[in-house]
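This chain uses plain numbering: 1 for the first residue, then up along the sequence. If you're wondering where the values come from, they're calculated on a predicted model, not measured in any experiment. Computation of the quantities below employed the complete heavy-atom set of this structure, encompassing side-chain atoms and omitting hydrogens, waters and symmetry-equivalent molecules.
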Amino acid sequence: MRPDGATIAPDRVDTPDTDERPDIDKGWNVVVWNDPVNLMSFVVLVFRRVFGYSEEKATRLMLEVHNQGRSIVNTAPREKAEVDCYTLHRYSLWATIERA
């Protein structure tokens, strides 16, 4: 710090020598949870609209949610997973993200 209180930026910043990418980039799962409110046909419709899934895949994922209580409906980088989760919330589905 200079005598007048201002800080001086360093000439260079050392970065670690590693080939590993941060956990943020390794992928995050978008999880949809079973709820007592939404109709199964509505959940299929949402999966088709949000993710562009075929009716067969959307139905399979919906049945997984219904029978097992949850389903991983997509895996993406964190920012995309957060957007997907928010979008599912807008359709009133219960969704979270977790590390893949």
Would a hydrophobic clustering, with Ile, Leu, Val, Met, Phe, Trp and Tyr connected at side-chain separations under 4.5 Å, put L39 with V43? yes

Sequence neighbours excluded, every pair satisfying salt bridge (Lys or Arg N to Asp or Glu O under 4.0 Å) that has a member inside residues 36-46: none

Could you pull out all residues at least two apart from T87 that satisfy side chain to side chain donor-acceptor pair (under 3.5 Å)? none

Straight-line distance of W94 CH2 to L88 CG, nearest 0.5 Å: 14.0 Å

Considering all heavy atoms, the nearest A81-A76 contact: N-CB, 4.1 Å

If you compare all heavy atoms of T75 against all heavy atoms of A100, which two are closest, and at what distance to 0.1 Å? CG2-CB, 4.1 Å

By the rule that ILVMFWY residues connect when side-chain heavy atoms come within less than 4.5 angstrom, directly or transitively, which residues belong alongside V83? none

Name all pairs fulfilling the side-chain hydrogen bond (donor to acceptor under 3.5 Å, both in side chains) condition that reach into residues 35-52, sequence neighbours left out, sorted by first residue then second. D35-N38

Who passes side chain to side chain contact (heavy atoms under 4.5 Å, CB included) against K57, sequence neighbours left out? Y53, S54, R60, L61

Membership question, hydrophobic clusters at under 4.5 Å side-chain separation (ILVMFWY): are V31 and V44 in the same one? no

So which pairs with a foot in residues 58-80 pass ring-ring contact (aromatic ring centres under 6.0 Å, His included), sequence neighbours left out? none

Once side chain to side chain donor-acceptor pair (under 3.5 Å) is applied, do any residues pair with Y86, and if so which ones, sequence neighbours excluded? R90

If you compare all heavy atoms of Y91 against all heavy atoms of F42, which two are closest, and at what distance to 0.1 Å? O-CE2, 3.3 Å

Side-chain polar contacts of residues 67-74 - donor-acceptor pairs under 3.5 angstrom, sequence neighbours left out - could you list them?
from : atom 1 : to  : atom 2 : distance (Å)
N67  : ND2    : L63 : O      : 3.1
R70  : NH2    : E98 : OE2    : 2.8
S71  : OG     : E64 : OE2    : 2.9
N74  : ND2    : D84 : OD2    : 2.9

Heavy-atom closest pair (C85 atom, I97 atom, distance to 0.1 Å) is CB-CG2, 3.9 Å

By side chain to side chain donor-acceptor pair (under 3.5 Å), W33 pairs with (sequence neighbours left out) T96

List for me each residue that meets side chain to side chain donor-acceptor pair (under 3.5 Å) alongside E55, sequence neighbours excluded, and say none if there are none. none

